Novice: 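Take this structure first; my questions come after.
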Amino acid sequence: MEPVTSKRVAVTVNGALHERDVEARRLLVHFLRDDLDLTGTHVGCDTGNCGACTVIVDGKAVKSCMLLAVQLDGATIETIESLASDGELHPLQQAFSDHHALQCGYCTPGMLMSAKHLLDHNAEPTENEIRRAIQGNICRCTGYVNIVEAIAAAAKGEVSA
Amino acid sequence: MSETTATTAAPEQVEAPQKGFAGQSIPRKEDKRLVQGEGVFFDDVKRHGMGYVHFVRSPYAHAGIVSIDVSAAEAMEGVYGTLIGEEVAAQTDPFFEMSTPPGNEIRDYALAVGKVRFAGEPVAAVVAETRELARDAAELVEVEYEPLEPVLDAVAAVEPDAPVLHDEAGSNVVWSGTFDWGDYDQALAEADRVVKIDRLYFHRFSSTPLECAGALVEYDRGTAQWTLHCNHQMPGIGIVWMAPALRVGSDKLRIVTQDIGGGFGNKITLHPYFVALCLLARKLNRPVHWTEWRTDQHTANTHGNERTFLDVEVPVKADGTMLGYKVRAFDDAGAFPRYEPLGCIIWAQVTPGCYRWRHVRVDFTQACTNKSPTAPNRGYSRMQQLWFTERVIDVVASELGLDPVEVRKRNYIRSDEMPYETPNGCVYDSGDYARCLDIALDLVGYDRLEERRRDAESRGKLLGLGIGSTLDSGTNNFGQSQLLNPELQFSGNNEVASVRLDIFGEIVVTLGTTPQGQSHETVAAQVVADLLGVTPDDVHVRAGHDSYWNSHAGFSGTYASQFAVTGLEAVKGATLALADQIRRLAAVILGAEGPDAIVLEEGFAKVRDNPEAALPFMACGAIINVNNAGLPPELDDVTLNCRYVYRPPFQVPDTERKFGNLTLTYATQIHACVVEVDRETGVYEIVDYAAVDDCGTRIHPQIVEGQVHGATAHALGAATFETFPYDEDGMLQTSNFYDYHVPHALDMPPLKTGYIESPSPFSSLGTKGMGEGGGAGIHAVCAALQDALRPLGNPVVTESHNPYHRVWELMRDPEASRAGVEVAAAR
Amino acid sequence: MLLSEVGYARPAAVDEAVRLLADHDGARPLAGGQTILNVMKARAAAPDVLVDLADLEELRTIASTGDGGLAIGAMVTSAELVTSSEVKAARPVLGDVAAQIADVQVRNRGTIGGNVCSNDPTNHLPPVLVAVGATMTIAGPDGERDVPADQFFLGVYMTAVGPGELLTRITLPPLAGARDGFSSVTIGADGTCIVNAAATVQDVEARVVLGCVAATPVLLNAQAEADAVREAVRSADIEPPADVHGSAEYRRHLAEVVAVRAVAEAAGAS
Amino acid sequence: MKVEGTRTYAAPRERVWEVLNDPAEMAGLMPGVESFDVVDETHWKAKVKVPLGLGSLRMSIDFEKSESRAPEHARLEAKGKGVGAIMSMATQFDLSEEGEGTAMRWEADVRILGQVASMGQRVVQPIVTQQVNDVLTALDKRVAAKSAETGTAAPAAPPEAGSSGAEEGIHPGSPEAYSDDPDGPTHSA
């Protein structure tokens with residue numbers, strides 16, 4: 001085996017298989033945004049702190065700016081674009097709207113994916129567990145107050161129709 | 001951990017029960033797209049064949065540019081072209097400067113010309129096929145520098161032997177002047193004591209919006225027009241800077257925004273970058289796309305104003321009544337003034353803070369330093385002043401052994417004095433500070449304070465309570481710029497909205513504003529819905545801003561806490577005009593007596609006493625737009641497309657006395673904070689926090705509360721974590737989110753909120769601009785720390801930023817901080 | 001944010017990984033990537049080749065050793081350390097400390113091997129592994145060698161893992177009556193570390209290891225009692241780096257405080 | 001950032017001076033040198049690949065010997081340029097005879113500018129110290145080797161590991177060599 005500077009990768013993103021040649025140096029977030037046009041995943045920092053680029057890879061929340069696309073060959077990825085189905089908002093999305101858990105909306109996709117990862121693994125989180133789950137997602141608008149409330153409400157199924 | 005408690009206290013002034021959507025927390029119109037990742041932020045916009053831009057930035061804080069060689073970069077495969085300062089200097093004029101000499105001699109271009117003045121300043125730009133290639137090529141640009149000594153402090157910058165940044169100005173002074181209001185000497189004569197404080201320092205930080213700056217810029221050769229898909233938060237002013245620099249008329253620049261990932265003022269002065277992009281798009285005849293990265297934003301975008309207060313004097317009566325103050329203030333503008341020197345006057349909107357201080361003398365100097373340029377940052381310039389007033393209150397109280405709550409109440413402007421004219425002619429419209437304070441204290445359990453102190457002590461902690469009393473002054477009178485430079489031809493303010501009824505009866509609203517999370521689509525729809533008798537779902541508010549299609553006025557934009565007044569007054573004015581046209585049309589069509597006989601309800605124009613006679617809006621839209629043959633001439637002016645420009649009732653201030661009303665409305669924030677300090681480490685935790693807000697009539701309480709949460713989070717971050725310090729070489733020490741720690745979910749204390757409503761007498765809806773807050777959290781934390789540390793030798797908190805190590809230093813050596821404070825007998 | 005061009009290989013076995021690392025000058029292992037990709041984004045350092053360890057399943061296991069200790073593969077993530085019942089049973093401090101590393105997303109990717117091999121002074125795991133007396137197993141062209149944790153860390157971003165070598169396993173001895181503790185002061189909750197300390201107390205003897213006060217963890221031995229620990233930190237004459245989060249003096253002071261707290265926590269642990 | 005210290009060598013002062021003043025010898029002391037050119041008696045140029053553990057940082061460095069009083073004092077200025085990094089260093093040393101051996105008092109003032117500086121002082125500071133230590137360790141060995149060649153004195157205690165390690169992300173010395181005390185605990189005889 002010899003190292004390569006670009007490689008063909010096959011990834012399943014939101015249920016669809018994509019095959020692309022990609023440079024080894026390309027970050028997953030740029031692969032999603034620039035190559036696959038999935039622009040719901042955002043970039044807010046360049047050090048893996050802000051979590052705006054959070055997606056779920058093989059069931060785990062990760063920061064897509066902290067992975068190379070070539071590492072994902074064969075992986076299954078869920079992005080914000082997969083959350084609503086058939087025009088119906090996911091309960092978390094509805095709860096975020098109900099509770100005014102977003103202002104500018106830039107951190108929201110990453111925040112929602114972290115919240116989904118939490119609820120996928122813990123159906124009844126405590127407030128502290130919610131805060132720990134979104135510790136890796138920076139929001140500069142809300143002070144997190146309404147985000148925490150929204151996630152708690154979604155967990156309890158208390159969302160508006 | 002968090003709880004949100006609306007106070008049970010009844011609103012201050014209860015009007016007739018609300019009928020309609022205003023006052024209700026309806027679902028936000030923006031949310032559906034944003035929660036699905038379907039918002040459109042500038043970086044989501046792509047064009048065929050576009051090139052990616054990477055800026056080559058200076059590693060030096062201060063250096064001459066000896067040479068720039070772009071040949072290797074241009075020769076690289078995949079590179080489309082480059083731009084350097086010499087080209088910029090040849091093709092553009094320096095940006096307009098607002099100051100008087102020497103500040104207005106400064107020549108500010110899109111790229112560094114001849115010299116670099118802060119680390120991170122762009123010196124060249126490279127465009128390539130991919131983002132990565134652009135950066136690769138940028139590394140091949142050879143720049144030879146001749147390092148110069150940097151100057152990194154505003155006070156030092158005005159010393160005669162300081163290195164000068166701008167040779168053409170010959171001095172680092174951007175602006176300086178004296179403000180003298182009331183009779184300070186008389187105040188000294190009346191005082192029983194004078195409290196003196198050597199130095200107070202408000203630190204440099206910014207709101208660091210999560211979305212960094214950027215743009216996709218297209219150039220149309222045929223029409224010589226540029227289109228910028230970007231996140232500029234004040235396009236009107238942006239164009240005023242850019243068009244003359246590019247030597248074109250303002251119509252040649254089209255600025256388009258949709259969703260913006262937070263602005264907080266930090267996206268007002270993007271014009272240097274955008275002019276470079278315009279030049280590249282024209283030079284290369286292709287769309288160019290620039291994404292600023294986080295490190296770039298921290299090192300080279302905008303910072304908030306850093307201010308040093310020297311030689312503070314406060315004349316005080318024996319009973320704790322403070323008569324005013326005297327101070328020398330030094331404001332650090334960074335390397336280029338850009339939006340400055342407006343910060344040299346904006347603070348004066350809140351000259352006495354919340355207090356009845358009548359005698360004020362301020363010697364104000366703003367200087368350039370070799371640091372990133374400053375720009376408005378949430379609470380712009382007033383936050384610094386309000387921090388100063390709150391520190392003054394607490395230090396004076398502490399030194400004279402007075403209770404900080406009692407001192408505040410004694411000195412607060414009273415609700416029965418409203419509207420209140422400050423010593424410099426500003427008019428505080430309404431409010432009840434003492435009542436807000438009582439609510440805040442109640443929320444944090446003030447009555448159990450001593451008990452909680454003892455409990456904390458038993459756990460090795462020191463507990464302290466602090467108060468931050470601030471005002472969010474909204475709707476600038478731009479005439480205040482004439483107090484800095486009487487030659488400037490700016491005054492008043494304006495905002496614009498268009499409301500129309502389209503062919504199928506759709507109600508379409510365009511705003512002059514450029515929201516970045518402030519929910520203008522929703523709030524505008526509430527106001528329109530109530531006036532036209534429809535629901536907010538029936539009102540289509542255009543997302544974002546397009547300077548070609550949105551109405552916009554000279555001061556349009558989203559800044560300075562003004563939408564609830566300027567934006568909504570414009571929406572209301574346009575809607576009323578439309579309603580009037582609909583009524584006139586319907587009266588004719590339905591054969592009613594006149595427009596007054598028509599009511600608008602549920603999407604119909606109805607004859608008041610004959611519900612059977614009703615014209616749906618769809619018919620109105622169709623009649624005027626596509627079925628208008630035979631309409632009588634008295635309807636000639638009915639277009640169902642109404643634009644309204646709201647102009648607040650301002651006068652030009654008196655430039656001699658620097659006197660006049662500088663702002664229309666004043667929202668109040670009274671915050672109370674309880675901290676526990678670990679005696680061993682200086683680490684502290686906010687264990688209780690209350691924010692009480694009064695922004696007059698609330699159109700959408702949930703959105704108002706969201707702004708309160710956000711402003712509080714910014715203030716708490718700045719109080720403890722967020723700072724932009726430089727080392728001796730002028731290198732920023734916190735250029736990423738590892739070192740520039742912003743509050744995370746676990747860092748935020750439990751927040752309690754309360755409110756009262758004191759409607760503004762100066763806005764027709766009773767609203768007041770809000771959202772910036774006045775940095776009350778910073779002031780409250782400073783006060784709480786000082787209170788907590790009192791048993792350890794009564795150290796004085798003299799800086800706005802108090803990280804753990806600073807608290808530890810205060811505990812270890814209280815005398816060092818006390819040395820700068822003195823209580824003198826009055827003369 | 002934009003990386004320099006880099007070669008990429010994803011070997012299927014450890015010996016192949018070792019060969020790749022040996023064959024290519026400037027090759028570096030890519031484990032979770034939560035440090036190295038950041039350094040590459042800043043272009044502060046540029047490896048020529050990344051050898052992705054993702055497929056090396058044998059590096060992903062947590063096993064109890066015969067004596068009640070733990071053998072942890074270098075590719076075990078922080079998240080796995082947090083939830084591992086083996087870790088909880090044998091050496092719970094490791095899971096407790098791993099839970100304080102950054103955030104969920106970083107813990108889902110970041111590995112124990114990457115954390116110790118990057119040896120950023122702010123990392124939590126290096127002091128813990130030195131305190132518990134872990135053994136680091138390094139695979140190379142000539143087979144495996146073991147390095148005690150207290151000899152593993154050589155400098156910022158530098159360890160005993162040499163060219164053509166790979167950290168494969170970290171072995172923790174059984175508690176055997178010892179107790180572990182950890183204490184840190186960070187910027188905000190679980191933020192960047194200012195100073196940390198790990199302690200292992202056996203009877204009345206404490207091994208205390210300070211982090212973020214030097215390029216490598218600083219090991220001290222003292223009686224497990226506050227004054228003695230404090231004195232041991234003082235006499236270690238540490239010269240911590242100063243930065244925006246604390247002067248050298250503040251870090252020196254914190255070192256005493258967190259050392260005492262880590263020992264107290266260990267003493268109080270059952 | 002200033003680092004300074006003293007060291008002693010079990011070699012005569014002239015021997016130490018020779019090593020320190022021969023550009024070719026200097027080239028051998030620096031970590032990761034890829035090319036080294038002598039421009040004239042007081043000016044040299046080097047291209048280096050500074051080992052930083054996670055990867056290397058390439059730099060072009062210009063050296064200027066600004067003061068020289070054989071065999072006791074010299075001052076050297078270095079200016080380095082890399083991607084996102086500017087390094088400037090002023091170093092000077094004074095040699096004095098100490099019994100059979102030589103004592104060296106040295107100091108280095110190192111400034112790092114540019115994006116690398118953004119990695120934070122708590123990282124950059126130890127790295128600089130480490131690099132300085134690398135040079136000093138190599139100097140120890142070189143003086144010892146030279147002494148062995150000419151048989152003038154017993155060699156200083158050499159570090160254990162191979163010297164090429166630094167380029168590969170491993171440090172040549174024992175862990176103590178990287179303590180924050182740039183003097184190192186025991187490098188001299």
Side-chain angles (χ1 to χ4, degrees), chain A residues 23 25-26 30 33-34 37-52 79-81 83-84 89-90 92-94 96-109 112 127-128 130-149 160, chain B residues 1-2 4 25 27-28 30-41 43-44 46 130-132 207-212 259-264 291 293-296 515-519 702-703 705-714 716 736-738 742-746 748 751 753:
Chain A
E23 274 196 289
R25 60 164 152 176
R26 182 143 270 220
H30 286 138
R33 289 181 52 79
D34 293 350
D37 278 332
L38 293 168
T39 54
T41 301
H42 297 150
V43 177
C45 74
D46 43 16
T47 46
N49 293 91
C50 83
T79 71
I80 184 67
E81 285 88 351
L83 217 48
L89 294 184
H90 185 281
L92 275 166
Q93 291 171 314
Q94 187 61 52
F96 267 52
S97 182
D98 290 350
H99 290 267
H100 188 35
L102 63 152
Q103 290 178 27
C104 78
Y106 197 74
C107 76
T108 308
L112 282 165
E127 177 177 338
N128 191 254
I130 292 171
R131 286 182 182 265
R132 285 187 61 80
I134 58 167
Q135 163 83 345
N137 293 76
I138 293 174
C139 171
R140 294 254 65 191
C141 294
T142 66
Y144 310 97
V145 179
N146 293 344
I147 294 176
V148 173
E149 280 181 16
S160 68
Chain B
M1 250 158 74
S2 118
T4 304
S25 296
R28 270 202 344 158
E30 296 84 347
D31 288 348
K32 192 155 188 271
R33 65 175 185 270
L34 292 172
V35 297
Q36 297 187 80
E38 290 174 348
V40 179
F41 296 87
D43 199 52
D44 305 339
K46 295 170 190 178
T130 69
R131 297 179 192 273
E132 290 88 352
S207 297
T208 60
L210 199 55
E211 181 204 37
C212 296
D259 295 302
I260 297 181
F264 314 116
T291 307
W293 306 116
R294 173 63 44 196
T295 309
D296 303 332
Q516 319 110 38
Q518 295 90 344
S519 322
Q702 193 185 42
I703 287 170
E705 194 154 290
Q707 292 292 319
V708 171
H709 294 159
T712 303
H714 278 192
L716 297 183
N736 56 50
F737 279 146
Y738 278 103
V742 301
H744 293 226
L746 285 167
M748 279 299 289
L751 269 190
T753 54

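Naming: A, B, ... by sequence-line order, numbering from 1 per chain. Values reported hereafter were calculated over all heavy atoms of this structure, with side chains retained and with hydrogens, waters and symmetry mates removed. All values reported here derive from a predicted model rather than from experimental measurement.
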Novice: Do you know which two heavy atoms are closest between H709(B) and N146(A), and how far apart they sit?
Specialist: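 So the two residues come closest at CE1-OD1, 3.5 Å.
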
Novice: Using non-hydrogen atoms and a 4.5 Å limit, figure out which bit of L210(B) sits close to chain A: side chain, backbone, both or neither.
Specialist: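 Both parts, heavy atoms under 4.5 Å.
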
Novice: Side-chain donor-acceptor pair under 3.5 Å between T208(B) and R140(A), yes or no?
Specialist: yes

Novice: At their closest point, which heavy atom of V35(B) faces which heavy atom of I80(A), and how far apart are they?
Specialist: O-CD1, 3.4 Å

Novice: Name the region of S519(B), side chain, backbone, both or neither, that has any atom closer than 4.5 Å to a heavy atom of chain A.
Specialist: side chain

Novice: Strictly distance-based, threshold 3.5 Å: is any side-chain N or O of D259(B) a donor or acceptor partner for the main-chain N or O of V40(B)?
Specialist: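 Yes; judged by distance alone, with no hydrogens or angles, the pair exists.
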
Novice: Under a 4.5 Å heavy-atom cutoff, which of F264(B), W293(B), F41(B) has the most pairs with chain A?
Specialist: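 Most heavy-atom pairs under 4.5 Å with chain A: F41(B).
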
Novice: Between H744(B), K32(B), H714(B), who has the most heavy-atom pairs with chain A when the cutoff is under 4.5 Å?
Specialist: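 Most heavy-atom pairs within the cutoff with chain A belong to H744(B).
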
Novice: Of the backbone (N, CA, C, O) and the side chain (C-beta and beyond), which part of S25(B) lies under 4.5 Å from a heavy atom of chain A, both, or neither?
Specialist: neither

Novice: Measuring heavy-atom distances to chain B, does T142(A) have an atom under 4.5 Å in its side chain, in its backbone, in both, or in neither?
Specialist: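 Backbone only.
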
Novice: Does the side chain of D296(B) reach to within under 4.5 Å of the side chain of C212(B), using non-hydrogen atoms?
Specialist: no

Novice: Determine whether V145(A) and E705(B) make a side-chain contact, defined as any pair of heavy atoms from C-beta on separated by less than 4.5 Å.
Specialist: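 They are not in side-chain contact.
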
Novice: Ignoring hydrogens and angles, tell me if any N or O in the side chain of R131(A) forms a donor-acceptor pair with the backbone of A745(B) under 3.5 Å.
Specialist: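 At least one qualifying donor-acceptor pair exists.
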
Novice: Specify which of E30(B), Q516(B), K46(B), E38(B) makes the most heavy-atom pairs with chain A at under 4.5 Å.
Specialist: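 With the most close heavy-atom pairs to chain A, the winner is K46(B).
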
Novice: For A52(A) and Y106(A), work out which heavy atoms get closest and say how close.
Specialist: CB-O, 4.4 Å

Novice: Would the distance check show the side chain of H100(A) and the main-chain N or O of L102(A) forming a donor-acceptor pair, the cut-off being under 3.5 Å?
Specialist: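 Answer holds: yes.
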
Novice: What's the verdict on side chain to side chain contact (heavy atoms under 4.5 Å, CB included) for V148(A) and M748(B), showing C-alpha distance, side-chain angles and the deciding distance?
Specialist: CA-CA 11 Å; V148(A) 173; M748(B) 279 299 289; over 6 Å; no

Novice: Relative to chain B, which of E81(A), R33(A), Q94(A) shows the most heavy atom pairs under 4.5 Å?
Specialist: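 When all of E81(A), R33(A), Q94(A) are compared, R33(A) has the most.
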
Novice: Heavy-atom pairs under 4.5 Å with chain B are the metric here; pick the option from E23(A), H42(A), R26(A) that has the most.
Specialist: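 Most pairs with chain B among the choices: R26(A).
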
Novice: Answer with side chain, backbone, both or neither: which region of I138(A) has an atom nearer than 4.5 Å to a non-hydrogen atom of chain B?
Specialist: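 Looking at I138(A), backbone and side chain both touch chain B.
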
Novice: Between chain B and each of N137(A), L89(A), L83(A), T79(A), count heavy-atom pairs under 4.5 Å; write down the option with the most.
Specialist: L89(A)

Novice: Looking only at non-hydrogen atoms, find the nearest pair between L34(B) and C104(A) and report the distance.
Specialist: CD1-O, 3.7 Å

Novice: Under a 4.5 Å heavy-atom cut-off, does chain B meet the side chain of Y144(A), its backbone, both or neither?
Specialist: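 The side chain, not the backbone.
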
Novice: Name the region of I703(B), side chain, backbone, both or neither, that has any atom closer than 4.5 Å to a heavy atom of chain A.
Specialist: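 Both the backbone and the side chain of I703(B) come within 4.5 Å of chain A.
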
Novice: Could you check which of R131(B), Q518(B), R33(B) has the highest count of heavy-atom pairs closer than 4.5 Å to chain A?
Specialist: R131(B)

Novice: Considering only heavy atoms and a distance below 4.5 Å, find which of G261(B), A713(B), G262(B) pairs most often with chain A.
Specialist: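 Going by pairs under 4.5 Å, I would pick G261(B).
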
Novice: If you count heavy-atom pairs under 4.5 Å with chain B, which of H90(A), H99(A), R25(A) comes out on top?
Specialist: R25(A)

Novice: Report the option among G39(B), P743(B), P27(B) that has the most heavy-atom pairs separated by less than 4.5 Å from atoms of chain A.
Specialist: P743(B)

Novice: Name the option with the most non-hydrogen atom pairs under 4.5 Å to chain B; the candidates are N49(A), T41(A), V43(A).
Specialist: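 Looking at each option in turn, the highest pair count goes to N49(A).
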
